[in-house]
Amino acid sequence: MSDITTASTWYGGIRNMFTQTDIDHMTPHGVLLNDYDSVKTNGPGIYGQLAAGNMPPPPPGGEGPWSKSQIQTFLDWMTNGYPKGTPPAQASSRLKAMAEVSAGRVRKDVSSLSSSEIETLKKAFAGLMKLDSSDPNSYFMQAGLHGLPNPYCMHHIPGYNPWHRSYIYNFENALRSVPGCENVTMPYWDIFNEFPDILNQEPFASYTLPETLNTKYQKGYQTQRHTLKQMEAMFKAYDVITDFTRAKTQKDWEDYHGGQAFGGATNDTSIAAHDAGHVSIGPTMADQNVAAFDPIFWFYHCNIDRMFWEWQKGMHATDLNGLLSTITTTDSRNIFTIPVLENLPPFTDAPPNLDTVKIVDSIVNLDVDYDSPVNINEIAMTSFSAKRKGSVAASEKFHIDTDIANVRVKGINRIKIPGSFSVHLLKDGKVIASKGFFQPSEVDKCPNCVENPIVHVDFKLPLKDVKSGKLEAWIEPIDHGPFGDHFPHKMMGNPTINVRLLLRNE
């Protein structure tokens, strides 16, 4: 039992006061000591056992009773209303130890690659593209795991980031199978800075299908992107950078990801930014069926994994208990604690044999780390508050934020919408904000989509921008098809618009 002297908040130190032995001892009794809500609910009972010296048990089953200062720290936390707080600024002992370990694979900002590194990377990509389409390491087969012809990908569900971390790792292994490229690593595209021209060079500029996928994507189809000017304009209009930056300020796993599948969290953080980025890059990236065939996919998603890893480090969530301590919903917790739900097909039952638990610690289990971006050019986080919420428990005290309003387009049944789409918010007939939603063109054939058909999108806007004038919303399919640029509301369940002020409880 370590002696905690930091402020008595959950993220500030309370979660670190319980050892693995403590956690293992109490889990069978239904008390999860690495879960905020469980510790809060059982707080009085836990305190009683601690104060009586009954918990933790003496050696060899435990480390013996807590010190008076530890017990007082826990009591202070209860007395102060179980605040979540923030992780301490100083690195934990685990993070300090991590800093002393050098990963064998260090992924770099693609803009920082040397000429020899660029040539090796080009050789690796070209090598995969030359392989027969039936080869498991071929570019065709690797890209096909995300959509057609062999869709395994996970989107808008708790397995989203674990699956994509495994996917990038598997693709990197394929790159390393090319002779002369045994030590190549997958670089990332730092979207916070200028677009790297290398991504306009072959073999990164495009890919031509060697096989027919369906009537739309036939043999000979060449991947397509928007012009750089179009891409930059859409990134701005769809708040891609803003939403990714907002995600970095969040303290809970659900709020970092965002969306209906994460406890109904507002959909304006990491997954919303991911979706809008796909839609903004171009027609191929906007279609989940073929997105991974565009070589830019790998650079884009490698950066998303880098940001997820940076969030983990900032939250001291680079091991399983640390990550679990940030999770607030049963659905998300289950994928890390129930063996059958830990699977990440097709990467679990075959090399690299990864699951949700193994991918948590990128350095120890994957031997992967990330180098820093060439330029730190990210918008200030001071304009984002992780404390703004749509609701708080009635037992909590709160403040009303009168500067920001959350406008939610709620209850969109996406099954009938043919592919990815945009949601536009208008005031007096003029578009004032837009969001993108990423999905396959045949949504009814996507198991994840069918299991999670109802979605919402959120716009956090200054109250002054929405408090006068007439608001409305319309959904625009990326592929206009027979419905043009306005998809009928009645065909997607007649979604509603909800506007509410946000609350702060800290």
Side-chain angles (χ1 to χ4, degrees), residues 102-133 135-146 164-210 222-225 228 231 277-278 281-282 284-285 290-310 347 351-352 354 362-363 366-375:
S102 297
R105 307 186 187 196
V106 179
R107 297 172 181 165
K108 298 181 179 180
D109 183 334
V110 68
S111 298
S112 73
L113 298 183
S114 66
S115 57
S116 62
E117 289 172 326
I118 291 173
E119 289 308 309
T120 302
L121 187 66
K122 287 183 175 181
K123 181 179 181 180
F125 265 77
L128 298 190
M129 292 177 178
K130 291 176 183 177
L131 292 175
D132 186 273
S133 58
D135 190 311
N137 282 332
S138 70
Y139 192 89
F140 179 80
M141 289 293 286
Q142 288 290 315
L145 297 176
H146 188 269
H164 283 83
R165 177 168 288 176
S166 298
Y167 192 32
I168 295 296
Y169 186 79
N170 190 69
F171 181 71
E172 189 174 72
N173 285 346
L175 292 174
R176 290 182 161 212
S177 72
V178 176
C181 304
E182 292 80 5
N183 295 316
V184 73
T185 54
M186 185 64 225
Y188 62 88
W189 163 32
D190 178 22
I191 63 170
F192 291 85
N193 286 288
E194 292 184 3
F195 186 85
D197 183 63
I198 184 178
L199 298 184
N200 288 325
Q201 302 173 20
E202 296 297 347
F204 313 127
S206 65
Y207 175 72
T208 301
L209 286 179
Q222 187 174 33
T223 57
Q224 302 171 26
R225 292 180 201 159
L228 178 56
M231 197 184 302
H278 268 277
I281 291 170
T284 303
M285 277 284 280
V290 292
F293 287 103
D294 186 338
I296 202 172
F297 171 95
W298 306 101
F299 300 86
Y300 177 68
H301 260 284
C302 193
N303 189 55
I304 292 177
D305 185 64
R306 175 187 71 86
M307 290 188 288
F308 179 42
W309 180 239
E310 289 299 318
F347 311 119
L354 299 178
S362 187
I363 290 180
L366 304 183
D367 198 25
V368 169
D369 201 0
Y370 286 92
D371 204 358
S372 299
V374 173
N375 298 304

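All values reported here derive from a predicted model rather than from experimental measurement.
Not counting sequence neighbours, the partners of S138 by the side chain to side chain contact (heavy atoms under 4.5 Å, CB included) test are L131, D135, F140, M141. When the side-chain hydrogen bond (donor to acceptor under 3.5 Å, both in side chains) test is applied to K122, the partners found at least two apart in sequence or on another chain are Q201. Considering only residues two or more places apart in sequence or on other chains, E182 meets the side-chain hydrogen bond (donor to acceptor under 3.5 Å, both in side chains) condition with none of them. Every residue meeting the salt bridge (charged side-chain N to carboxylate O under 4.0 Å, His left out) condition with R225, not counting sequence neighbours, appears here in chain and number order: D294. Remark: D132 pairs with S134 by the side-chain hydrogen bond (donor to acceptor under 3.5 Å, both in side chains) rule, at least two apart or across chains. For S177, the side chain to side chain contact (heavy atoms under 4.5 Å, CB included) partners at least two apart in sequence or on another chain are L128, N137. Every residue meeting the side-chain hydrogen bond (donor to acceptor under 3.5 Å, both in side chains) condition with Q142, not counting sequence neighbours, appears here in chain and number order: N170. E119 meets the salt bridge (charged side-chain N to carboxylate O under 4.0 Å, His left out) test with no other residue; sequence neighbours excluded. Taking the side chain to side chain contact (heavy atoms under 4.5 Å, CB included) definition, one finds that M231 meets it with W189, F195, F235, I281, sequence neighbours left out. Applying the ring pair (Phe, Tyr, Trp, His ring centres under 6.0 Å) test to F299 and every residue at least two apart in sequence or in another chain returns F125, F204. For V106, the side chain to side chain contact (heavy atoms under 4.5 Å, CB included) partners at least two apart in sequence or on another chain are D371.
Residue S102 comes nearest to D367 through the heavy atom pair O-OD1, 4.3 Å, listed as atom of the first residue, atom of the second, then distance. Pairing each heavy atom of P295 with each of P203, the nearest pair is CG-O, 3.5 Å. Here the shortest heavy-atom pairing between D190 and D109 reads CB-OD2, 3.9 Å. Nearest heavy-atom pair, L113 versus I118, reported as atom, atom and distance to 0.1 Å: CB-CG1, 3.7 Å. The two residues A205 and T223 have their closest heavy-atom pair at O-OG1, 4.5 Å. The minimum heavy-atom distance linking G180 with K123 is given by the pair CA-NZ, 4.0 Å.
The OG atom of S206 sits 10.5 Å away from the CG atom of N200 when rounded to the nearest 0.5 Å. We find the OG1-OH distance between T185 and Y370 to be 9.5 Å, quoted to the nearest 0.5 Å. Between F192 atom CZ and N375 atom CG the span is 13.5 Å, to the nearest 0.5 Å. How far OG of S372 is from CD of E310: 7.0 Å, rounded to the nearest 0.5 Å. The CD atom of E194 sits 8.5 Å away from the OG atom of S111 when rounded to the nearest 0.5 Å. I168 contributes atom CD1, which lies 9.5 Å from atom CG of L175 (distance to the nearest 0.5 angstrom).
Residues H164 and I304 fail the side-chain proximity criterion, which asks for heavy atoms closer than 4.5 Å. Counting only heavy atoms from C-beta outward, the side chains of L354 and L366 approach each other to under 4.5 Å. Residues Y169 and S362 form no side-chain contact, since every pair of their non-hydrogen atoms from C-beta on lies 4.5 Å or further apart. In this structure, the side chains of N193 and V374 stay at 4.5 Å or more apart for every pair of heavy atoms.
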Q.
Run the side chain to side chain contact (heavy atoms under 4.5 Å, CB included) test on F293 and H146 for me, step by step, so that the C-alpha distance in whole Å, both residues' side-chain angles and the decisive distance to 0.1 Å come before the verdict.
A. CA-CA 9 Å; F293 287 103; H146 188 269; over 6 Å; no
Q) Would F171 and M186 count as a side chain to side chain contact (heavy atoms under 4.5 Å, CB included) if you check the C-alpha gap in whole Å, the side-chain angles of each, and the deciding distance to 0.1 Å? A) CA-CA 8 Å; F171 181 71; M186 185 64 225; 4.0 Å; yes
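When only modelled atom types and interatomic distance are considered, N173 and R176 share no side-chain donor-acceptor pair under 3.5 Å.
Among residues at least two apart or in separate chains, salt bridge (Lys or Arg N to Asp or Glu O under 4.0 Å) pairs with a member in residues 164-174 are R105-E172, R107-E172, R165-D305.
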